[in-house]
Undergrad: 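Sending over a structure as structure tokens; questions will come in a sec.
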Protein chains: 2
Amino acid sequence: MPDGVLPRKSVSTKSARRRAGRPLHALLGHAQITSAALKLVSKDGYKALTMSSLAKSLNVAPSALYNHVRSKQDVLVLVEEALMGRVDVTAFANRPWAEAVSVWARSYRNVFSAHVPLIPVIALLPVTNASQTLLMYDAVTKGFLRAGWPQEHIIDAIVALESFIYGSAYDVNAPADIFSPGDLAGQTPNFTAAVAHRSNQHGANDADAAFELGLSALIAGLSATIQKPAL
Amino acid sequence: MPDGVLPRKSVSTKSARRRAGRPLHALLGHAQITSAALKLVSKDGYKALTMSSLAKSLNVAPSALYNHVRSKQDVLVLVEEALMGRVDVTAFANRPWAEAVSVWARSYRNVFSAHVPLIPVIALLPVTNASQTLLMYDAVTKGFLRAGWPQEHIIDAIVALESFIYGSAYDVNAPADIFSPGDLAGQTPNFTAAVAHRSNQHGANDADAAFELGLSALIAGLSATIQKPAL
DNA sequence: TAATCTAAATGAACGTCATTCATTTAGTGA
DNA sequence: TCACTAAATGAATGACGTTCATTTAGATTA
């Protein structure tokens, strides 16, 4: 062993340079990537979720990720699936329909209000082979069937509820002064007055009030629109 | 005039090189930028709307745009404003409340279903000094007031409706097979059956059916939730 | 056992994009 | 007349997603 002062393989505490080539045990997998992505997003938001930062947090070169996902979109899909598993569908098993929908919708909005950049992904991507997503939809459908809903309208009702939930998730992130009219207040007196009235009630941008109002309206309306004629 | 064969200032049909420096008359303005951006988006979608392509379509260097907008986000706001002016609020002037809301909501969804990348912009940006947007909100608010709605609930109702509209705009762009369960059909029998039932009814992904169902439910529910107690 | 194939890593490179900056020219106000 | 501002060019920058050649390790096959 000639002139060996610098150890080639160090077991040092800090990020020992890994040499090229397949490592002895795999460093990456869907689970690791998903978990690291979620941690990044939780700490610094979606702006911080880049392939580089993701790789760095996994102590790996960016290109290594592409052995496990085809694109960044794939990473987002992994995260989406993980989050879908957190949506509470338990109420559909044993609670009355209206209450179950309430619990589910609130949970759904709560989960994704911190993940609005995923909404385009969820809304536009086929659910094919997305197990958590499919399990959620199946539980919801089962709850609708249990409540006596006609099968041919269930998907439309779920889609309508989901549309409202997605929109409401955006709303949670709106700034408090989103409806402040500025210099044009004088030209929009009706709106300006209504905004002022609302500000007096709750703080300023109470997304929750609008969500609860819309949710109960949707539930009541759906119930009346579909179930009544079936009686 | 020595050896002048190549004209310095050509009036040729094709893109005569403009030399540096302020031109005799301004080439750009908010109106030109907005119109060019809308044309680009209409032809090739939002993926094609880059600062470079926008500049090229205006026959200008990309950096010239920054004399008129601070960022690409500013361009999106200009486009949003232009589109808000296309939303039909006329029904609030002379039609019954429920019908007016229907007309407005359909128009709103129709306008933005071809512009879903703007939804995060609309949903998260203050309306301050956005005249078209404010005029729309004012007309809607006026319609609610005319129908006897209590002022303190109007904004919440509008926000709830908008949330549904935004979500529904995404839905329009979902692929036809978005609910195809793939290999996991066996594990989600309730959902799979409901999806199959729906496919038999309308074509496949009929976003319109879900929208109409949700819209009438929301309108009925809002009307009952708010107006009834006031009687 | 040797040869071959595939999996999983590195690191260099690329192309696209939004944005900034120095520079140039034209109008405007003191 | 002089300074200032407006509006253009063109070069440069820094992210970011992605690809590719290369390296190494394990798995399969002859």
Side-chain angles (χ1 to χ4, degrees), chain A residues 8-11 14-37 40-41 44-79 117-118 120-121 125, chain B residues 8-10 14-34 36-37 40-41 44-79 117-118 120-121 125:
Chain A
R8 294 279 295 185
K9 264 184 189 172
S10 101
V11 203
K14 290 275 179 180
S15 68
R17 283 280 163 274
R18 189 175 16 254
R19 72 186 198 280
R22 181 178 182 171
L24 298 112
H25 58 283
L27 302 166
L28 297 180
H30 284 180
Q32 287 85 356
I33 292 174
T34 306
S35 151
L40 269 180
V41 165
D44 300 312
Y46 276 84
K47 226 202 67 183
L49 179 59
T50 67
M51 295 303 270
S52 293
S53 66
L54 184 55
K56 183 168 287 180
S57 80
L58 287 160
N59 201 20
V60 141
S63 53
L65 293 167
Y66 290 86
N67 288 319
H68 302 268
V69 295
R70 283 186 306 273
S71 63
K72 183 179 180 180
Q73 168 96 350
D74 268 16
V75 175
L76 296 180
V77 172
L78 288 176
V79 172
L118 289 183
V121 178
L125 204 86
Chain B
R8 293 280 297 186
K9 264 182 190 172
S10 99
K14 290 275 178 180
S15 68
R17 282 281 161 275
R18 189 177 14 253
R19 71 187 199 280
R22 182 177 182 172
L24 299 111
H25 58 284
L27 301 167
L28 297 179
H30 283 181
Q32 288 83 356
I33 292 174
T34 306
L40 269 180
V41 165
D44 299 313
Y46 276 84
K47 227 202 65 182
L49 179 59
T50 68
M51 296 303 270
S52 294
S53 66
L54 184 55
K56 182 168 287 180
S57 80
L58 287 159
N59 201 21
V60 140
S63 52
L65 294 167
Y66 290 85
N67 288 319
H68 302 267
V69 296
R70 285 185 305 273
S71 63
K72 183 178 179 181
Q73 167 95 350
D74 268 17
V75 175
L76 296 180
V77 172
L78 287 176
V79 172
L118 289 183
V121 178
L125 204 87

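Each chain gets a letter, A, B and so on, in the order the sequences are listed, and its residues count up from 1.
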Undergrad: Is B/R18 close enough to D/dA8 that one of its side-chain N or O atoms is under 4.0 Å from OP1 or OP2 there?
TA: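 Checking B/R18 against D/dA8: no side-chain N or O falls below 4.0 Å of OP1 or OP2.
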Undergrad: Please state how far atom CE in A/M51 lies from atom P in D/dG14, giving the value in whole angstrom units.
TA: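 Going from CE in A/M51 over to P in D/dG14 covers 23 Å.
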Undergrad: Of all the heavy-atom pairs spanning A/L40 and A/S53, show the shortest one and how long it is.
TA: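 Distance-wise, the nearest heavy atoms are CD1-OG, 3.5 Å.
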Undergrad: Could you tell me whether A/S63 contacts a base, only the sugar-phosphate backbone, or nothing, with contacts defined as non-hydrogen atoms closer than 4.0 Å?
TA: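 Base contact - A/S63 has a heavy atom under 4.0 Å of at least one base atom.
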Undergrad: Report the residue (B/L49 or A/P62) whose heavy-atom-nearest nucleotide on DNA chain C is the more 5′ of the two.
TA: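 Its nearest nucleotide being more 5', the pick is A/P62.
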Undergrad: Under a 4.0 Å heavy-atom cut-off, which of residues 65-75 of chain B touch DNA chain D?
TA: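 Heavy-atom cutoff 4.0 Å gives B/N67, B/H68.
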Undergrad: Expressed as a whole number of angstroms, how long is the span from B/K56:NZ to C/dT16:P?
TA: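 So the NZ-P distance, B/K56 to C/dT16, works out to 11 Å.
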Undergrad: In whole angstrom, what separates B/K47's NZ from D/dG17's P?
TA: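 Answer to the nearest Å: 16 Å.
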Undergrad: To the nearest 0.5 angstrom, please state how far the CG atom of A/L49 sits from the NZ atom of A/K72.
TA: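 The NZ atom of A/K72 is 5.0 Å from CG of A/L49, to the nearest 0.5 Å.
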Undergrad: I need the B/Y46 OH to B/L76 CG distance, nearest 0.5 Å.
TA: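 The CG atom of B/L76 is 7.0 Å from OH of B/Y46, to the nearest 0.5 Å.
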Undergrad: Roughly how many Å is it from CG in A/L54 to P in D/dA15, rounded to a whole number?
TA: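 So the CG-P distance, A/L54 to D/dA15, works out to 18 Å.
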Undergrad: Which atom pair, heavy atoms only, marks the closest approach of A/P117 to A/P120?
TA: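 It is O-CD, 3.4 Å.
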Undergrad: In Å, rounded to the nearest 0.5 Å, how long is the span from CE of A/M51 to CD1 of A/I33?
TA: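 Reported to 0.5 Å precision, the distance equals 7.5 Å.
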Undergrad: Working note: A/R18 + A/V60, criterion side chain to side chain contact (heavy atoms under 4.5 Å, CB included); need CA distance, chi angles, decisive distance, verdict.
TA: CA-CA 9 Å; A/R18 189 175 16 254; A/V60 141; 3.8 Å; yes
